[in-house]
Number of protein chains: 2
Amino acid sequence: MTSKRPTLAQRSLPMRPFSESVPMALLRTREAVMRLFRPGLRSRGVTEQQWRILRALAHQGPLEVTELAEATFLLAPSLSRILPDLEKRRLISRRPVKADLRRSVVSLEAQGLRLIGEHAPYSEQMYARIAQRFGTEKLEQLLQLLHELETSLEALAGELDRRPAGAGQRKGSP
Amino acid sequence: MTSKRPTLAQRSLPMRPFSESVPMALLRTREAVMRLFRPGLRSRGVTEQQWRILRALAHQGPLEVTELAEATFLLAPSLSRILPDLEKRRLISRRPVKADLRRSVVSLEAQGLRLIGEHAPYSEQMYARIAQRFGTEKLEQLLQLLHELETSLEALAGELDRRPAGAGQRKGSP
DNA sequence: ACTGATTAATTATGATGTTAAGTATCTAAC
DNA sequence: GTTAGATACTTAACATCATAATTAATCAGT
């Protein structure tokens with residue numbers, strides 16, 4: 001980045017350089033990854049979030065809404081808006097749980113399955129390119145560090161919160 | 001995650017397990033980091049995106065809007081919506097560039113500087129906790145890998161795009 | 001001096017993120 | 001049998017994301 005004359009703020013606020021790095025680096029890297037996948041999704045008329053839903057259902061079978069929120073890392077209010085559209089397009093279906101009418105089960109429908117089948121080769125091609133370019137070993141190392149950081153931050157958050165860990169809107173995976 | 005009976009999709013679509021990992025791991029880790037900082041920002045009435053703007057101006061001095069978009073990794077249309085509000089709250093100010101009336105320079109105002117000063121100790125405390133819990137060396141290793149992945153993916157995207165790298169909406173840092 | 005191409009920023013639009021509040025349902029305690 | 005508290009999901013409201021289109025201004029070529 002362009003080096004500029006130190007501002008008053010810079011002189012009086014010695015915030016650590018890395019302080020801005022971690023969230024920004026994660027955001028930038030994620031955008032760089034998604035940039036490769038987004039065109040394929042767009043050409044099939046699904047957003048990244050919709051894809052995550054279809055993908056989770058394909059991978060794990062029918063899920064309840066709270067399970068789907070966790071699997072896709074989407075917030076419940078977001079799911080409540082996304083699911084009706086996917087249902088309308090007959091990519092998924094929903095049915096209430098007889099034992100508890102508050103809950104409902106979301107399933108992948110044939111058209112959703114077909115869409116996944118169509119996108120899978122594109123997706124795999126991108127992953128193969130990423131692995132080739134960056135290195136499978138380094139990817140695994142990165143994933144390991146990300147997982148460890150997430151785990152340690154959740155422990156930290158649990159200590160700082162007054163509420164029990166996981167009581168917030170978006171729950172981490174147990 | 002709960003292990004379920006393999007679905008038809010699972011049997012017919014052998015998508016790699018890690019294929020869903022990288023974007024999701026980045027997203028989850030970022031959320032785990034932001035979870036520590038968000039309460040402090042909320043208590044000062046600024047969103048994460050607004051904070052990034054103030055932080056970038058404090059760190060680098062006055063910036064033009066395109067530079068600010070790059071420094072904050074925010075999209076230009078988003079900036080066009082956020083900046084007027086920050087200006088109204090007298091946290092920043094804007095003035096046109098005389099040499100090119102299409103452009104304008106954004107500067108931090110005294111109230112913006114004060115807000116940063118108030119938030120800085122909270123922020124630093126969190127970073128210190130993160131470094132202590134996760135390890136400074138591992139953090140640096142993670143940042144290194146993230147940077148390398150981002151760089152290699154931008155090279156890959158450049159090869160795949162018909163347009164020159166960086167022609168898209170959100171430009172990576174040169 | 002004029003014009004087509006390009007650039008900077010804004011606006012439109014639809015989607016999702018995020019928090020708070022609401023509705024329907026369930027459960028444990030009495 | 002009743003009720004307070006909890007849970008699952010939805011809706012409201014506001015913010016930002018993401019893409020496309022628009023407006024205003026600049027610039028290179030003629």
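Numbered from 1 within each chain, the chains take letters A, B, ... in sequence-line order. All values below come from the heavy atoms of this structure, side chains included, with hydrogens, waters and symmetry mates left out.
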Compare side-chain N and O positions of [X] against OP1 and OP2 of [N] and report whether any pair is under 4.0 Å apart.
X: R42(B); N: dA20(C); answer: yes
X: S78(A); N: dA15(C); answer: no
X: Q49(A); N: dC17(D); answer: no
X: T47(B); N: dT18(C); answer: no
X: R103(B); N: dA25(D); answer: no

Please tell me which of L101(B) and V65(A) maps to the more 5' nucleotide of DNA chain D, matching each residue to the nucleotide holding its nearest heavy atom.
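On the 5' side of the pair lies V65(A).
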E48(A) vs S104(A), nearer the 5' end of DNA chain D by closest nucleotide
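Going by which nucleotide is closer to the 5' end, it is S104(A).
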[X] [atom1] to [N] [atom2]: how many Å, rounded?
X: R52(A); N: dG17(C); atom1: CZ; atom2: C1'; value: 11 Å
X: L63(B); N: dA9(C); atom1: CG; atom2: C1'; value: 16 Å
X: F37(B); N: dT18(C); atom1: CZ; atom2: C1'; value: 19 Å
X: R102(B); N: dA5(C); atom1: CZ; atom2: C1'; value: 11 Å
X: R94(A); N: dA8(D); atom1: CZ; atom2: C1'; value: 12 Å
X: L75(B); N: dG17(C); atom1: CG; atom2: C1'; value: 14 Å
X: D100(A); N: dT7(D); atom1: CG; atom2: P; value: 12 Å
X: L27(B); N: dT16(C); atom1: CG; atom2: C1'; value: 12 Å

Are the aromatic ring centres of Y127(A) and Y122(A) under 6.0 angstrom apart?
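Ring centroids of Y127(A) and Y122(A) are no less than 6.0 Å from each other.
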Would you indicate which nucleotide in dC17(D), dT11(C), dC9(D) comes nearest to any side-chain atom of P77(B)?
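Selected nucleotide: dT11(C).
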Look at [X] together with [Y] and state whether they make a salt bridge at an N to O cut-off of under 4.0 Å.
X: R114(B); Y: E118(B); answer: no
X: R94(B); Y: E64(B); answer: no
X: K88(B); Y: D85(B); answer: no
X: E31(B); Y: R38(B); answer: yes

Non-neighbouring partners of R90(A) that pass side chain to side chain donor-acceptor pair (under 3.5 Å), sequence neighbours left out:
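R90(A): no side chain to side chain donor-acceptor pair (under 3.5 Å) contacts found.
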Rest of the hydrophobic cluster containing V105(B) (Ile/Leu/Val/Met/Phe/Trp/Tyr, side-chain heavy atoms under 4.5 Å)?
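Via sub-4.5 Å side-chain contacts, V105(B) links to V97(B).
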Neighbours of DNA chain C within residues 80-89 of chain A, by heavy-atom distance under 4.0 Å:
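R81(A), I82(A) - these, ordered by number, are the residues of the stretch whose heavy atoms sit under 4.0 Å from the strand.
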